[in-house]
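Here is the structure we will look at, set down as structure tokens.
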Amino acid sequence: MSVGRHSDKRRRRGLIAGIVAAAVALVLVAGGGVAWATGYIDVPLPGAASPQPSCKQTPMSVVADPSIAPVLTKIAKAFDAKNPCVKTTVRTEDSADTASVIASGGNPKADVWIPDSAAWSDRMGATAGSLGRPAQVAAFGDPIATTPVVFAAPADQAEAFTAGSVGWSSILGGTVSALLPDPEGSAASLLALGALQAHAPAGDTRTFAGAMIALGKTIPRSLDAAMASAEKAATPTVVITTEHSVVTSNAASPDDQFFALYPADGTSAASYPYVRVAGLSAATVGLDTAVGDFEKTLRDSGKTFAKAGFRGPDGSGDISAPGIVKTPDPLQPAAEGTAQLAILRSWSVLTLRSRMLAVVDVSGSMSEPTASGLRRIDIFQQAAMGALQKFSGEVELGIWDFSTNRVGTQDWEDLTPIAPLGDAQHAQDIANIIAGLPARLGGATGLYDTTLAAVQRVQETYDPSKVNSVLLITDGKNEDDNGISLDDLLAKLQATEDPKKPVPVIFIGFGPDTDLDAMTRIAKVTGGAAYSASKPEDLGNVLVDALSQRTCRPNCP
């Protein structure tokens, strides 16, 4: 009996449970049906078809710089999930490419653009102006994220750098070797140049120009190439880049780690503005609203940006990642867009690939002592070797020396032809020639004949892909009574001038005996310039001026 009662109770419990379960299911199905119909439940029932939005989806296209596109794609996916009436597409494109399309009047095929710098606004305006087009129509908003500019150093070089020992002044002074990806396409590199200019001595343009020449000696084709070069460098070398680049590089290559050195004298940040691109159509239902809502979503996604290695719009926020500090120092203001544009123009001038014939005065007066106790030729050697070390391997250089009757009655002597400095043997030959110049001293200054011959030589071997020029250094005036006169020289230069093959002559005279008036007249005819170093010790600075003013001649201030 006992067993029968227990079994009967279990049967009754099972029956009751089944009835309750059926009732609950009925309520859930009925309630769920009502809730589903009214849209309050967004999870489909088992076996039910996926819900379809009751509205027509509005497509929204976003074009973004490669550095920030991955995290934008992630945020866009979550945005669309919460906004089923919007379909967002994120396309990756270099900021320089997008800017070029917009500035030229092309269609960027996007409603929103996230570039890596607000300076693209000024750069696009300048490009549009040069093309004779109206300024671009793109509404640049505030940044949605930032990342500080830092010096990235290979982890195995950590001992070479001490905390707080590296800053912009270190780059300006040449005490730290640095690699700078091309600022034409890198916002971080352009910001770095702005920081260098800001930290250069007040009123001293040569220090900044000299630093740009040194950085332009080797221009990595990409950030990855720069970091690979830094790892292989014979001396400790940093890459000027962003904090975010350090984070992503370390995440991608666990075996090749870098750490961020934060400039001891402060730094600014690359910012990512929210840009509404021209062409937003009010006829496209919901697009304006979607663009606004997406911006708000981005501004509310600080934690997602931080996980991806970005700081907040004002540079604040903590990031936990290898190689960087959790919270950096406050940022310094970056150079304005117009100032960055001016810097970029200077960079373009200083890094123009040159094809140059250097013609060096070896007349007897070059042996005269200066106030420093060194001879004039000694001063020239120091300046020449310093300049040579700053030249890129792509620069082509040849050397002549000159004084009266160097080769028979000829006033000049071809010591080495114009060839790339990237050729190690050629570079060594030039260094040996410069070192051996004191042994070649003698004779008077055969200036005019030599100038004409040098221009003709460069014209004969002209390379239209480079800036072809003659650089003539002298401490005196023409003393060849058997050579051509100044008027004859000017007439011959004018007669041989070819607009398709310009060969400017850049004169650098140093010491009290130079004929600046004659050199200026000759330079003007060729589109060149004449520089004077009243003291031989100023020769190095004048060499920097001669290189940095290539596009304003002959009307440089």
How long is the gap from [atom1] on [X] to [atom2] on [Y], to the nearest 0.5 Å?
X      : Y      : atom1 : atom2 : value
Trp120 : Leu341 : CH2   : CG    : 10.5 Å
Gln332 : Leu191 : CD    : CG    : 12.0 Å
Arg311 : Ser316 : CZ    : OG    : 9.0 Å
Thr267 : Asp329 : OG1   : CG    : 10.5 Å
Ile473 : Asp361 : CD1   : CG    : 9.5 Å

Could you check whether any side-chain N or O of [X] sits under 3.5 Å from a backbone N or O of [Y], counting only pairs where one atom can act as donor and the other as acceptor?
X      : Y      : result
Gln157 : Ala230 : yes
Glu243 : Thr147 : no
Thr146 : Gly312 : yes
Asp265 : Trp168 : yes

Kindly assign one of parallel, tilted or perpendicular to the pair Trp412 and Trp400, based on the angle between their ring planes and the thresholds 30° and 60°.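 Taking Trp400 first and then Trp412, their aromatic rings lie parallel (interplane angle under 30°).
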Do the side-chain N and O atoms of [X] and [Y] include a donor-acceptor pair separated by under 3.5 angstrom?
X      : Y      : result
Glu93  : Thr98  : yes
Asp65  : Ser67  : yes
Ser186 : Ser189 : yes

Just wondering, are more than 12 heavy atoms of other shown residues or ligands nearer than 6.0 Å to NZ in Lys307?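 Count not over threshold, so no.
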Heavy-atom count check: over 12 atoms from other residues, nucleotides or ligands less than 6.0 Å from Glu184 CD?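 Counting neighbours around CD of Glu184, more than 12 heavy atoms of other residues, nucleotides or ligands fall under 6.0 Å, so yes.
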Identify the heavy atoms of Pro115 and Phe140 that sit nearest to each other, and give their distance.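 For Pro115 versus Phe140, the nearest heavy atoms are CG-CE2, 4.3 Å.
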Run the side-chain donor-acceptor check on residues 415-425: report pairs under 3.5 Å with partners two or more places apart or on a different chain.
from	atom 1	to	atom 2	distance (Å)
Asp423	OD1	Gln425	N	3.0
Asp423	OD1	His426	N	3.3
Gln425	NE2	Asp429	OD1	2.9

Salt bridge or not for Arg355 and Asp463, using N-O below 4.0 Å?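 No, Arg355 and Asp463 are not salt-bridged.
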Close side-chain approach of Pro154 and Glu231, heavy atoms under 4.5 Å: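 The answer is yes; the side chains approach within 4.5 Å.
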According to the salt bridge (charged side-chain N to carboxylate O under 4.0 Å, His left out) rule, which pairs have a member within residues 172-182, sequence neighbours left out?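 Listed once each, the pairs would be none.
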Given Arg457 and Asp414, is the salt bridge (Lys or Arg N to Asp or Glu O under 4.0 Å) satisfied, shown in steps? CA-CA 10 Å; Arg457 175 64 62 84; Asp414 188 342; 2.8 Å; yes
Which residues share a ring pair (Phe, Tyr, Trp, His ring centres under 6.0 Å) with Tyr274, sequence neighbours left out: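 Once residues adjacent in sequence are excluded, Tyr274 has no partner under the ring pair (Phe, Tyr, Trp, His ring centres under 6.0 Å) criterion.
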